[in-house]
Amino acid sequence: MAVTDIKQFAHLTDADVEAIGRELDEMRRDLEESRGARDAAYIRNAIKLQRGLAVGGRAALFASAFPPAWIAGTAMLGLAKIIENMELGHNVIHGQWDWMNDPEVHSSAWEWDTACPSEQWKHSHNFVHHKYTNVVGKDDDVGYGILRVTRDQKWHPVYLAQPLTNALLATFFQYGVALHDLNIKEIRRGRKDPRTTWRQLKQIGRKVGRQIGKDYVLFPLLSGPQFLSTLTANATANLMRNLWSYTVIFCGHFPDGAEKFTVEEFENETPHEWYLRQMLGSANFRAGPVMAFMSGNLCYQIEHHLFPDLPSNRYAEMSQRIRALCEKYDLPYTTGSFTHQYMQTLRTLWKLSLPDRFLTATPDAAPETASEQGGTVQALRRPTQQHRRAG
Amino acid sequence: MGLLRGLVSRITTPLLPDDYLHLLNPLWSARELRGVVVNVVPETESAATLVIKPGWGWSAQYRAGQYIGIGVQVDGRWHWRSYSLTSVPTEADSTISITVKATPEGFLSQHLVGGLVPGTVVRLAAPKGDFVLPDPPPEKILFLTGGAGLTPVMGMLRMLHRRDIMTDVHLVHSAPTERDVLFRKELHGLADRHQSLRLHEQFTDTMGMLALDRLDEVVPDWVEREAWVCGPPPMLDAAERVWKAQHLTGKLHVERFSIQLDGAGGEGGTVTFGAGGRTADVDGATTLLEAGEQVGVQMPFGCRMGICQSCVVPLVAGTVRDLRNGTVHVEGDRIQTCISAAAGDCVLGV
Ligand code: FES
C-alpha cells in the first residue's frame, strides 16, 4: 500500500511539518520578490534562441536532399521543438512567466508546438497532476492509464505487454499526451459527458491537423522535389522531441524513491503536508546548465513540484535551499544521474509487467512504492542513498 | 495582406508569423500593437510628452480627445495605463503623442516622465473613448480642465487649429501655479492666433479653487455652451452637480480617468462579472472565484489553489489583491481568480 500517514512515514512531528511549510512559504515569497529584469531577459533570450533554431532548421531543410543539410536541419528543428515544449511551453503554460504581465508570454494565451491543445494540458497536467501528485487513483499520471508503475495498481494480463506499450508511448509521446485529458478510463465507464468528449476530440483534431499539415504536408511541399527528405527530417525531429520529453518526464516520478500516496492521505492532508507529498513524490536528476535547459529545468522536478508557477531559471538556486532543508529534517532528496534514474524507471516498468507473485518486495517496502507499514522513509531510503553516493 | 498572413500562419502554427518577425524588428507585429518611443519632450517639471511611432496593425483612425492604453516594461514586468492622445491624426504624420504628468504616488507615471529613453519599445492598446467633439464642432464650446485633464482638450484644440475650424471656444484651466500649466506657450500662441479662443487660467495656489457655482463670473454665457470637462474627480463631481441643477446634463461631457489606484480605501468591493453584468458585493477575504460562483457566474477553474492557471481572466477595471502575497493587480492585468480578492470595486472579463 502507498503512503497513508505521511507524517509517520517521514518520521516528522506536527511542528516539523509546520516549520518545513513555513520555510517553503518564505522561499516562495523571497523568490517572488526577487523576480525582475534579469528573469525577463532570460525567457526572452530563450524564446529568441528557440525561434532562431526553428527558422534555421526549416531553412536548412530546403536543401534536405543534401545529407549534411538534412542532418543540420533536423538537429536544429529537433532542438527547437524540444526547447519549445520543455523550457517554453510547459513552463509558460504553468504560469511561470505570468508575473511579467506580457500578453504574448502568458499561460492564458500560449499554444505549444505539440499535438496536445494547451487548454486540455492545463487541466490534465497543471490541475490534476500537480494537485493530486502521485495519489494512486486520483493522479492520472500514475501510469497514464496504460502502464503499471506501482504495485498499488492491480495486475492485469495486458500489463504483460508493458515493455512494448512503453516503447510505443515513448515513440508517439506527443499523441499520448494529446489523448491524456480525454480520460479514456472515465469514458469507458460511462462517467463522462459525451458532449465534453466530443468537444475535446474536435479540439484535438484541429490541433493535430494543423501540426501534421505543417510538418508533413506544407514544408515538404515547399521544398519541391525534396518532398520526401524534408518529410523524413521533420518526422525525425518530432521523434527526437518525443523520445527526449518522454524520458525526462518519466524520470520525474517513476525512479525509486518517488513515493505514491493513498486517497486517504490526500483527503486528510493539510496545506503543509501537500508540500511534503510533492517533495517525497518527485525525483530529480543531476544536470549541468545545458542539460537543465534542454529538460526545461525538470531535472529540478522536486523544486518544480513545490513551486510549479515560479520561473524555471531559478530552480537551480532554489535546489540548494531545498536540499539543505531536506538534510535538516533528515528527508531524502531523491536524485541521481539521468541514466541511473531512467534505468530505475525502466526496471520498474519491466518488472511490474509481471503479477506480484513473481516479485519479491512487498508494496510497503518496494523500490518504487513504500508506506509507513514498511518503515519510515529514513530507514527505507537511506541505504540506497548511501549506496548511490558511494557508487 | 490578411490572406497572406493566414497562409503563412499555416506553416508557423501554433505561432503567428508576427511572433518571428517582431524578433527582427519590434514594430513588425500586428498580434499585439507595439510602438517605439522616438522622443521624450519635457513639458513642465513633472510632465513630458512621449512621441511614439506605432508598428503594424495600428490604424491612424483616432479622434482628438480619445485615449490609448500604453504598456511599459519596468523591471521585467509590463504595466498598463491609459493616457489621452495629444497628437492630431493626420495623413502625413505617422507618430502619435501622449502627455504624461508624474504624480507623487504614481510609480508608472514617474517612470514614463523620467525614466523612458527614445528607442524603448512599448505596447499599445487601440484608441478608445467618446470624449470627442462632434463633426462639425458646436458653435459655442466650453472646455473646463484641471491639471493633466488638459491633455485630451489639448488634442481637440490642436485639431480645431490644424483644420482651421476654431469656433467660439472658452478654455478655463486650473493649475497650482503658472509653471504647472501644460502647453502654456502653445496655448497663448493659439489664443493670439484665434480671436474666437478665450483663455482663463486659474492658479489655485494664489487664486484659490474655481467655484463652479459662480462660473458665470468667468464665463458669463456658459449655459449656452456645450461643455467638455476633464480633471480631478472632485471637479467632475462639482460639474455634474452644477450642470444638473440647470437641467443641462445633455450639454455636459466628462472624462473620468480610471479609479484612483494607489491607497485605494479598504478591502473588498463590488465585483462586476463581464458582459453578463452580474455583480457581487464581497469582502476582502472572499476570492473572486467564490464570489462569481455565489452569484451564479460560470467561472473557469481547476486546482482552486493557485497553481494551475485555469482560472485566469483579464481584470477589466479596478484593483484586486493576490491573497498569497498581497500584490495588487490593476486594470489590464490577467489575474487568477482563485487566489485574488477585490481591493475596491472591480470588473472582470469573464
Ligand atoms: S484554479 Fe488553479 S490557479 Fe486558480
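Numbers restart at 1 for each chain; the letters A, B, ... are given by sequence-line order, proteins then strands.
Only the side chain of A:Ala54 comes within contact range of chain B, judged by heavy atoms closer than 4.5 Å. Residue contact with chain B, scored on non-hydrogen atoms closer than 4.5 Å, is absent for A:Trp97. Heavy-atom distances place the side chain of A:Arg28, and not its backbone, under 4.5 Å from chain B. Only the side chain of B:Ser29 comes within contact range of chain A, judged by heavy atoms closer than 4.5 Å. If you measure heavy-atom distances from A:Asp39 to chain B, you find no contacts under 4.5 Å at all. Proximity to chain B is limited to the side chain of A:His106, based on heavy atoms less than 4.5 angstrom apart.
When all heavy atoms are compared, the tightest approach of A:Pro103 to B:Glu32 is CB-OE2, 3.3 Å. Across B:Asp75 and A:Ala37, no two heavy atoms sit closer than the pair OD1-N, 3.1 Å.
Checked options A:Arg210, A:Glu111, A:Lys207, A:Lys214; the residue passing with B:Thr13 is A:Arg210 (criterion: side-chain hydrogen bond (donor to acceptor under 3.5 Å, both in side chains)).
Counting heavy-atom pairs under 4.5 Å between each of A:Asn126, A:Asp25, A:Ile93 and chain B puts A:Asn126 at the top.
A distance of 11.0 Å separates CG of A:Asp215 from CD1 of B:Ile11, quoted to the nearest 0.5 Å.
A salt bridge between B:Arg123 and A:Asp102 is present, with a side-chain N of the basic residue lying under 4.0 Å from a carboxylate O of the acidic one.
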